Amino acid sequence: MNNYILSKKLFRNELSTFYSFLIGFIVALFVGSLILLIQDKNPIDVFSLMLKLSVGSINSLSNSLNKAIPLILAGLGISIINSVRLWNIGAEGQIFMGALALNFFYINSSIQNSTLYIFLLLTASFIGGSICILIPALTKVLFGVNEIITTLLTNYIVFGLTIYLINGVWKDPASLNFPAAAYVNESVYLPIIVGKLSSGFLICIIFTLLAFYIKDKSVFGYEMRIAGGSELTAIYAGISAKQKAFLAMLIGGGFAGLAGGIELLSQTHRVSTGISQGFGYTAIIVAAITGMRPLGIFLVGCLFGALTIGGSVIQTIGVSSYIAEIIQATTLFGALVAQFFFSYEIKKKVENG
Amino acid sequence: MVDIQFIGLLNATLQAATLLFIAALGELITEKSGILNLGVEGMISIGAVSGFIAAINTGSLFFAIIIGVLSASVFASIHAFVTVVLKQDQTVSGLILTILGLSLSSLIGKKHVGKKLDVKLESVVNIAEPDSILDIFLSQNIIFYLGILLMVATAYVLKRTMFGRRLEAIGEDLKSSDSMGLKIAKTQFIATCVGGAFAGLSGVYLTLSYVPYWTDGMTAGRGWIALALVIFGGWKPYRTAFGALLFGFLEALGPRLQTYGFEMSPYIVKITPYIITILVLILLTIFKNGDTGAPRNIGIPFFRENR
Amino acid sequence: MTVPILEVKGISKTFGKVKALDSVDFYLQKGVVHGLLGENGAGKSSLMNVLSGIYIPEQGTIKIQNKKIERLNPELASSLGIGMVHQEFRLIENFTIKDNLTLSKANIFLENFKEAYLKYSEIFSLNSSYNTLVKDLSVGEKQKVEIMKLIFKNSAIMLLDEPTAVLTPQETSQLKISLETLSKEDEKTIVLITHKLKEIKDFTETIFVMKNGKMVAENLQTDKVSDKHLIELMMGEIKTMSFKKDNLKGETKLEVQNISLINNDEVNVLKDISFNIKSGEILGVAGVSGNGQVELSNVICGIQQEFNGKVLINSNDVSGKGVKSRKKLNLSYIPENRLGVGLAPGVSVLDNSAIREYFKASYGPHLSKGKMLNYLNDLIKQFSIKAPDVKAEISTLSGGNMQKLLMGRELISNPEVIVAAQPTRGLDVSAVESIHKLIINQRDEGSAVLLISEDLDELFKLSDRIIVLYEGRIIKEVDIESANIESLGLAMAGINE
């Protein structure tokens, strides 16, 4: 027994995250195929239909990319917060909060210039996301309260608040059975670029570059990395680790809030429970699977967006849309397993006497 | 003679509390061993759907309970494998377990949505019209009593048996436990699967008694409340039971508020457990110097450095 | 002489190029308190790790109870009755004394716990009920529980690594009595590992001395050996090969006036410390670690901002100001804790190289990777650092290269004042040599250097003056010409004649 020891690899292949993702994705497709086979469906038929209906035309492609927007933005927020080695499980709540803040600002203001108005509304949603994470951030840096739990719980508080508002003060009388707030005016809809692709996707590209810049190219990103690596080193270097952690959380929350704002102005056009369908959770998969790299989050976000669209359209042939979610989740599990073999090695114990 | 509305409220409280408590108790055991499993919601869902399908197909409630418990436990072993054996991040793995559990159970249960169950977990004592507090307790079903039994057993095992003390020791201090020769991986693996089994039982209670049918997303965030409960209860079985009663009461109270003449929104009542838990967590961290009762080495993968 | 209960012969163990153990012989007699004396890095811990099965030696034989053991591992060592108390306790804080004593797989007092506890708590004069939580105990009491754990695990051979480091003088003398009782009544074989002369004389019956991975003295009768002889053995002869000390001293660069500090546990860790260092001068700080060195450097370097007294750099009062004020006046700090303070674990070599002056690579909020890379390449060239992949985590560097990176980063800007804490600890000979040269070069460039070290050889070789810290106080101050190693060694042990 115990003739093998596990040791951490010193050097990891730079592309190990990418390979892990690929392996995970292949495993997930395999698992998905098995499930389809059990249900007497031909996996190749189903997957090619999914492919066709998610990227086969301008319209379907733009649907997919629209779906990718919240995944990418929330994922970027998570990755920024992870720079200081903290978790944000609260992206789902921040997305809702972004939409709530936007609607609140919309109800209480009136601005003629619609470009400016849209800009201000989206800013409000960003701030909403930041507010949503304010208490977890404050309690983390002041008292060291576990941020995983607090961000997680805020999801449900914000969701409850949303339901409360759309059933109460914000309830649109015109919407009879379906509780929702009133629609926003068409003038503040985000314009369409091509097909059905919302200009929110441009914002998404800009924010991907921004997150990449912050994390990889800026002084702030550098300070976050040092603070995340070791609080003592940060203090030694004259960097306030707590301040960096606080700012990272507010910015990350803001990214997710913005996702909610864009979703409202481009898809739902009003506050309802449909603002997010678990985007905040899927975003965690997206962020984790890419090793928190902004450009990776962008690409995987697009892929997962397409998967979601593909999943929702294959319902027409009697396949559950949940197959898409299962593939997403299994991809990450497969990637985690692969990651293990990239970061550890199993060695035989050296015999010597 | 007790007020009939009160009878209904109490009954609903006990049922809601049972559901939350059993899942929370399982998570408590898992966390005591140092493994954080955020997949409770997914595990409940798996237990619920598999128990339901087993009941539909066999008509045997006993068999349904066994299947529900087992399948959730096997499902939890994915988390155990990824975090204990492969030492990957527990937060990520647990979350994915929830996502996977919810989607997988929806997929499995798709054909059975809306079906009605012929059998249902019956009250232990059949009381036609319960009109006293005692009657309410007596009219609960077997899983309610099982929950009480599990509470006492868990408290006893953790505090009084060698296995339990060692399990807690591991969650408290991996290095010291390792130096004591304790089997860390094995214990954590078992604790995670036991946590899954409890969540499965909770899920079975959901579909065989609480709302005897299956529909997508019927766990409705109860797994997250169960997680919150563990924190609220300071990782202690009895305090967690008290928390379950409180949270169950709030859940039962929500839709009844108006009948009592309160103008408070039931939606706000629904989120109070989360707010209370956050407050408790913050207050405990501040006033007990960070000692919230959480196992000290929770969430840390164990890896012995070899040279 | 009876057959030893444990006997190792010709044990060698190397880490990379470093010979941690060089053909070491060691043997223990049943029921005797042994002392193992040596400086930090002499190989004591490596030897103990071999005995407890953690390190597998390349050469040598291990015999326990006169039986040859082919391959020792931690489980086997434990079952053969070898137990060790580490410097960092392995106690579960939130658990009771009883749990800590009994949960181990090897516990022998399951049935008769109460009697056993009664007996041993008396021997250790531990006045706590076994239901007391460990976190409520004092450090000294925890130490007692930690040693009792070995008894409950039925360890016949008890290896105690620096057990007195955390004890008060009263607790220390109490421990002495307890260990004597254990060795006499229970026939426990005890090894006291320490670098404190006074205790090894007080506690033990027989002494082994290690130096540079070799056993330089075996089985000396404690009552027959003199302090002076032990110090010579432990420290070795002072190598006359030392750097030229004809350095020119200039203006006073660093002034420390009446520093006192009370830490969070309300312990007075620094007591009225004053000194100054001139340009081109090296002031050595001798002392066993834990006597206020870390606190002193934190005060000087601005990490600890609340204290009594004054710190002046180039006549600028920086007391109460932070790290950045020191950086502006060009002070460099090489902290004792390399990985964790000086370098951030989990962060790349490149990022770590820029910690001192990253803001110089910035344009507003923009951080220039190019500038950082140039800077790092300068460091790599100038200080011959071997870094296979600058984007990989810092832990991919060897200890010596980590230290060179850290030193280089702090020295490349020709600092006015350098605080270097234990700069060569744990490094191999060639790395030590190159780091010594760096410090001397810096001195000749006109820096004022505060060199904190436990290694007297190093201090003699580099310093112009030496002060000895003992329990937060300067207990001795000498010029290098008039210093002798015995009196410094004694001062480090708290004895100042």
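Values reported hereafter were calculated over all heavy atoms of this structure, with side chains retained and with hydrogens, waters and symmetry mates removed. Quick note on labels: first sequence line is chain A, next is B, and so on, each numbered from 1. Predicted, not measured: the structure shown is a model, and the values here were computed from it.
- When heavy atoms are compared at a cutoff of 4.5 Å, I99(B) approaches chain A by way of both its backbone and its side chain.
- Inspection of the W235(B) and E31(B) side chains reveals an N or O donor paired with an N or O acceptor under 3.5 Å.
- Of the atoms belonging to T139(A), it is side-chain heavy atoms, and not backbone ones, that fall under 4.5 Å from chain B.
- Interface residue K110(B): only side-chain heavy atoms are found under 4.5 Å from chain A.
- In this model, a donor atom of one side chain and an acceptor atom of the other lie less than 3.5 Å apart for Y322(A) and D216(B).
- Both the backbone and the side chain of L153(A) come within less than 4.5 Å of a heavy atom in chain B.
- Judged by distance alone, with hydrogens and angles left aside, the side-chain atoms of S45(B) form no donor-acceptor pair with the main-chain N or O of G42(B) at under 3.5 Å.
- If you take CG on L336(A) and CD1 on I96(B), they are separated by 7.5 Å, rounding to the nearest 0.5 Å.
- Looking at T91(B), the atoms closer than 4.5 Å to chain A (heavy atoms on both sides) all sit in the side chain, from C-beta outward.
- In this structure, chain B has heavy atoms under 4.5 Å from both the backbone and the side chain of I157(A).
- Contact of L97(B) with chain A is made through backbone and side chain together, with heavy-atom distances under 4.5 Å.
- Inspection of the Q328(A) and T308(A) side chains reveals an N or O donor paired with an N or O acceptor under 3.5 Å.
- Side-chain atoms of Q188(B) come within 3.5 Å of backbone atoms of S33(B) as a donor-acceptor pair (strictly under, hydrogens ignored).
- In this structure, the portion of I148(A) lying under 4.5 Å from any heavy atom of chain B is its side chain and not its backbone.
- Of the atoms belonging to I89(A), it is side-chain heavy atoms, and not backbone ones, that fall under 4.5 Å from chain B.
- No other option in I225(B), T272(B), I78(B), T277(B) has as many heavy-atom pairs under 4.5 Å with chain A as I78(B).
- Here the options are L332(A), I78(A), I289(A), the test is side chain to side chain contact (heavy atoms under 4.5 Å, CB included), and the partner is I284(A); only I78(A) passes.
- Neither the backbone nor the side chain of I38(A) comes within contact range of chain B; no heavy atoms are under 4.5 Å apart.
- With hydrogens and angles ignored, the 3.5 Å screen pairs no side-chain donor or acceptor of N82(A) with any backbone N or O of R85(A).
- There is no contact between F341(A) and chain B, counting heavy-atom distances below 4.5 Å.
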